[in-house]
Amino acid sequence: MRFPAAVAWVALGGAIGTYARVAVTEAFAPALAVTLAVNVLGAFLLGALVTGFEGGGNRDGGRRRQRARLLLGTGFCGGFTTYSLIALQAATLARSGDGSAALAYCVVTLVLGAVATALGVVLAAWARNRARDRAPGAA
């Protein structure tokens, strides 16, 4: 895939992901819990997408997977999650004198994000293997 096309797929996905995040945060009061939930959900989706788009296949299938990965993984999930807002919220907590809450917020976000990513990877791998085993001609 050529560089301008790859950038276009990422930009389109990023715009949609950013819009989705703004819609979620405006639907609920902008709060630490909403930011945490958005980032954990984005981490889960990214883990599942990256695993779901793995694999061989023919040349056209590989290109489609590459475009989908750029659009949904790098673009959408990149725009949907907002680790910069975590830094801003943690800095706000720390400036208000609640440094331990700021640190806890960062640690909880990172740990839950890692766990969500692992769950997404495991779930997508399980679904892919199950679909492969049920495909016609599978032994």
Minimum heavy-atom distance [X]-[Y], with the two atoms named:
{"X": "A90", "Y": "C106", "answer": "CB-SG, 3.6 Å"}
{"X": "R128", "Y": "T51", "answer": "NH1-O, 2.7 Å"}
{"X": "A43", "Y": "G113", "answer": "CB-O, 3.4 Å"}

Look up atom [atom1] in [X] and atom [atom2] in [Y], then write down how far apart they are to the nearest 0.5 Å.
{"X": "L88", "Y": "Y83", "atom1": "CG", "atom2": "OH", "value": "16.0 Å"}
{"X": "Q89", "Y": "I86", "atom1": "CD", "atom2": "CD1", "value": "7.5 Å"}
{"X": "L103", "Y": "L93", "atom1": "CG", "atom2": "CG", "value": "11.0 Å"}
{"X": "R64", "Y": "R67", "atom1": "CZ", "atom2": "CZ", "value": "7.5 Å"}
{"X": "F76", "Y": "T18", "atom1": "CZ", "atom2": "OG1", "value": "9.0 Å"}
{"X": "Y105", "Y": "L110", "atom1": "OH", "atom2": "CG", "value": "10.5 Å"}

| query | More than 12 foreign heavy atoms under 6.0 Å from CZ of R21: is that the case here? | reply | yes

| task | Take L45 and L41 through the test side-chain contact (heavy atoms from CB on, under 4.5 Å) and record every step on the way to the result. | result | CA-CA 6 Å; L45 290 174; L41 177 61; 4.2 Å; yes

| task | Would you check, one step at a time, whether the test side-chain contact (heavy atoms from CB on, under 4.5 Å) holds for D133 with R130? | result | CA-CA 5 Å; D133 292 345; R130 186 172 168 93; 5.8 Å; no

| task | Please lay out, stage by stage, how C77 and L72 fare under the test side-chain contact (heavy atoms from CB on, under 4.5 Å). | result | CA-CA 6 Å; C77 289; L72 300 173; 6.0 Å; no

Heavy atoms, side chains only, cut-off 4.5 Å: are [X] and [Y] in contact?
{"X": "L71", "Y": "V10", "result": "no"}
{"X": "R69", "Y": "V50", "result": "yes"}
{"X": "T25", "Y": "L85", "result": "no"}

| Distance-only, no hydrogens or angles: does the D98 side chain make a donor-acceptor pair with backbone N or O of A94 under 3.5 Å? |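 Absent.
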
| Is there a path of hydrophobic side-chain contacts, each under 4.5 Å between heavy atoms of I, L, V, M, F, W or Y residues, that connects V121 with V115? | no

| query | Is there a path of hydrophobic side-chain contacts, each under 4.5 Å between heavy atoms of I, L, V, M, F, W or Y residues, that connects F80 with I16? | reply |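 Yes.
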
| When you look at V24 and V34, which way does the side-chain contact (heavy atoms from CB on, under 4.5 Å) test go after all the steps? | CA-CA 8 Å; V24 168; V34 174; 4.3 Å; yes

| field | Identified side-chain contact (heavy atoms from CB on, under 4.5 Å) partner of T81 from the options V40, L46, N39 | value |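 The residue from V40, L46, N39 that satisfies side-chain contact (heavy atoms from CB on, under 4.5 Å) with T81 turns out to be N39.
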
